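In what follows, a structure is listed as structure tokens, so that the remarks can point back to it.
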Amino acid sequence: MHSSTTLRHAPSRLERAAYSLSLYSVVGIFIGFGAYKFTTHEAAAIFPLVSHHPLFGWLYLFFSQQTVSRLIGIFELASALAMAWPGHWRIRVAGSLGVALTLIVTVSFLVTTPDPGGGTFGFLVKDTVLLGVALLVAARTFAQGYVCPHGEIALPASR
């Protein structure tokens, strides 16, 4: 009985293209989200959401609406840029998980905000899809970090 089995997997062009499109779409969206947090309009728009959240509402005791929005924007921009990082795979995993964390918090606003408004379903669906892509990128990048030379992946033996 072998302790591991070797599997050769070379992603197809379509798979690589789909991965890149998914990755850079989320990165682009998050760069836009992060940059928008620096506007007065967005700072006012997120105030009712963030101020009612048990993990983040306290920020307004110490910082202005605009400062809180900018802090969130900095985190979103940093996560997006790390997710797009072509260098070390650990940076891309950290960025992808940062984007995923942001999306989990965003989805949690639906529970913590007293009156989230009429666009709740679209809000949830959009962020759920983005969350799935961010986690997929994190998982694939993490797995690729352990790829052996020549594309071989060590897998545990099946029993």
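Small disclaimer: the values here were computed from a predicted structure and weren't measured.
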To the nearest 0.5 Å, how far apart are CD1 in Ile46 and NE2 in His53?
12.5 Å
Residues, nucleotides or ligands: over 12 heavy atoms within 6.0 Å of His41 NE2
no
Of all the heavy-atom pairs spanning Ile31 and Leu77, show the shortest one and how long it is.
O-CD2, 3.5 Å
Measure from the side-chain N and O atoms of Ser69 to the backbone N and O of Gln65, and report whether any donor-acceptor pair falls under 3.5 Å.
no
Are Trp58 and Val111 co-members of a hydrophobic cluster defined by side-chain heavy atoms under 4.5 Å apart?
no
For the hydrophobic clusters of this structure (ILVMFWY residues joined by side-chain heavy atoms under 4.5 Å, transitively), does one cluster hold both Leu23 and Leu135?
yes
I need the full list of salt bridge (Lys or Arg N to Asp or Glu O under 4.0 Å) pairs touching residues 28-51, with sequence neighbours left out, sorted by first then second residue.
Lys37-Glu42, Lys37-Glu76
Shortest non-hydrogen separation from Val99 to Ala80 and the atoms involved:
CG2-N, 4.2 Å
Locate the shortest heavy-atom distance separating Arg70 from Phe38; write the atom from each residue and the value.
CG-CD2, 3.4 Å
Shortest non-hydrogen contact between Leu97 and Ala138, atoms and distance:
CD2-CB, 3.9 Å
So, taking the atom named OG1 in Thr67 and the one named CD1 in Ile74, what distance separates them when rounded to the nearest 0.5 Å?
9.5 Å
Are the side chains of Val105 and Phe75 in contact, using a 4.5 Å heavy-atom criterion?
no
Pairwise side-chain hydrogen bond (donor to acceptor under 3.5 Å, both in side chains) hits with a residue in residues 21-30, at least two apart:
Tyr24-Arg92
Minimum heavy-atom separation for Ala134 and Ser96, please, with both atom names.
O-CB, 3.5 Å
Leu130 vs Ile29 side-chain heavy atoms within contact, under 4.5 Å:
yes
Is there a path of hydrophobic side-chain contacts, each under 4.5 Å between heavy atoms of I, L, V, M, F, W or Y residues, that connects Val133 with Leu81?
yes
Less than 4.5 Å apart, side chain to side chain, heavy atoms only: is that true for Leu103 and Phe30?
yes
Note: Val137 and Tyr19 closest approach over all heavy atoms is CG1-OH, 3.7 Å
Measuring centre to centre across the rings, with the benzene-like ring taken for any Trp, is Phe33 within less than 6.0 Å of Tyr36?
no
Between the CG atom in Leu21 and the CZ atom in Arg16, the distance rounded to the nearest 0.5 Å is 14.5 Å
Single-linkage hydrophobic cluster Val26~Leu136, side-chain heavy atoms < 4.5 angstrom:
no
In terms of hydrophobic clusters joined by side-chain contacts under 4.5 Å, are Phe62 and Ile72 together?
yes
Could you check whether any side-chain heavy atom of Val68 comes within less than 4.5 Å of a side-chain heavy atom of Phe56, counting everything from C-beta outward?
no
Heavy-atom side-chain contact between Thr112 and Phe109 under 4.5 Å:
yes
